J.: 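First, the structure itself, so that you have it in front of you.
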Amino acid sequence: MKVYEVEGKTVDDATRKAMTDLNIGDIDHARIEVIDQGKSGIFGFGVSKPAKIRVYYSDESMDIGELTREVLLAILSKMGVDAAIRDLKEGESKVYIELESSKSGLVIGKKGATLEALQFMVNLIVSHKTKSEKKIILDIESYRAKREKALRKLSREIALKVAKTGKPWTLEPMNPFERRLVHLTLQNDNRVTTKSEGQGIYRKVKISPNISK
Amino acid sequence: MNYKDLVEYMVKSLVDHPEDVQIREVEGEKSTILELKVTKEDIGKVIGKHGRIARAIRTIINASATKSGKRVVLEILD
């Protein structure tokens, strides 16, 4: 939902202006709030004040969920992957899609690289076509939840090792979401400190022991 | 497997001038090379910051090529 404010001689005038500016054909597609009715000076006397309105409108001419489904299924079928959409939830700022496939390993890829690439690609295409800022999240067979659980477990294990040996340990490169998860998992662990190092796709988390008091 | 179709669909959905997208498929014994050509203004749209978009396209092609055992290479020409 977006907001647009405009002034005009009268409320009607301002409304017409808003419709043209925003390229809204049907007034029913927007909600209009009158901020100021405006005052016209009679015969040029008195103070004239412009009318002011606020327009709440949606800039989605297309159904984002529907388009996402279409784009995703087109890519998957061109990849030669037999897959279906099991669940699609569309929220205010996000679209969540759960896939199912007999070749889920192929869709996920090494450490989720293919799933990540697919998600990135679908986001790019949908935002390019609609100018929508909704974030699309792809999942398959609860891969994300499983990966999260595995990462949390790994983080705690490494933290224990670091605390025992007193030697820092650097994890393999991860994406921002996964690095954040490691930081969060060990946030309250006062035996170790976490820090991200490196650039771009090679950025990784280093777990270091805290100097004993 | 038609890699050309796959790349063409993704690239045409990303650029501002889909009519200027050209892809040539060069079939080799062990690998397939896809030569991609777009207009100057669209090059950034297929490469992305630090090559992020190009990398995503390559990851997706390679996932679909795993069964064939062939290597598929995407070359972006300018």
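Note that this is a predicted model, so its numbers are computed, not measured. No hydrogens, no waters, no symmetry mates; every other heavy atom, side chains included, goes into these values. Labels below follow one simple rule: chain letters A, B, ... track the order of the sequence lines, proteins then strands, and each chain is numbered from 1.
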J.: Does atom CZ (A:R203) have a neighbourhood of more than 12 heavy atoms from anything else shown, all under 6.0 Å?
T.: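 It does: A:R203 CZ has more than 12 such atoms within range.
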J.: Taking the basic N atoms (NZ, or NE/NH1/NH2) and the acidic carboxylate oxygens, is any pair closer than 4.0 Å for A:K153 and A:E157?
T.: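 Salt bridge flag = yes for A:E157 with A:K153.
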J.: Does CZ belonging to A:R180 count more than 12 external heavy atoms closer than 6.0 Å?
T.: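 Counting neighbours around CZ of A:R180, 12 or fewer heavy atoms of other residues, nucleotides or ligands fall under 6.0 Å, so no.
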J.: Which of these, A:T193, A:V192, A:T170, sits in a side-chain contact (heavy atoms from CB on, under 4.5 Å) with A:I207?
T.: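 Answer after filtering A:T193, A:V192, A:T170: A:V192.
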J.: Using a cut-off of 6.0 Å, state whether more than 12 heavy atoms not belonging to A:K135 lie near its atom NZ.
T.: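 Counting other residues, nucleotides and ligands, NZ of A:K135 exceeds 12 neighbours.
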J.: Hey, which residues of residues 7-16 of chain B are touching chain A, say heavy atoms under 4.5 Å apart?
T.: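 B:Y9, B:M10, B:S13, B:L14, B:V15, B:D16, listed by number.
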J.: Salt bridge or not between A:E148 and A:R152? Use side-chain N to carboxylate O under 4.0 Å.
T.: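 A salt bridge links A:E148 with A:R152.
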J.: Chain B: which of A:V126, A:L118, A:V81 shares the most heavy-atom pairs with it under 4.5 Å?
T.: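 Highest number of pairs under 4.5 Å: A:L118.
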J.: Please tell me if the side chains of B:L77 and B:Q22 come closer than 4.5 Å, counting only heavy atoms from C-beta onward.
T.: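 They are not in side-chain contact.
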J.: Do you know which of A:L67, A:L88, A:L138, A:I137 makes side-chain contact (heavy atoms from CB on, under 4.5 Å) with A:V95?
T.: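 Result for side-chain contact (heavy atoms from CB on, under 4.5 Å) with A:V95: A:L88.
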J.: Give the interface residues of residues 45-58 of chain B toward chain A, defined by a heavy-atom separation under 4.5 Å.
T.: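 Answer by number: B:K45, B:R52, B:I53, B:R55, B:A56, B:I57.
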J.: Between A:Y56 and A:E33, is any side-chain donor less than 3.5 angstrom from a side-chain acceptor?
T.: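 Short answer, yes.
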J.: Any side-chain heavy atom of A:E172 within less than 4.5 Å of one from A:E178?
T.: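 No; the side chains remain at least 4.5 Å from each other.
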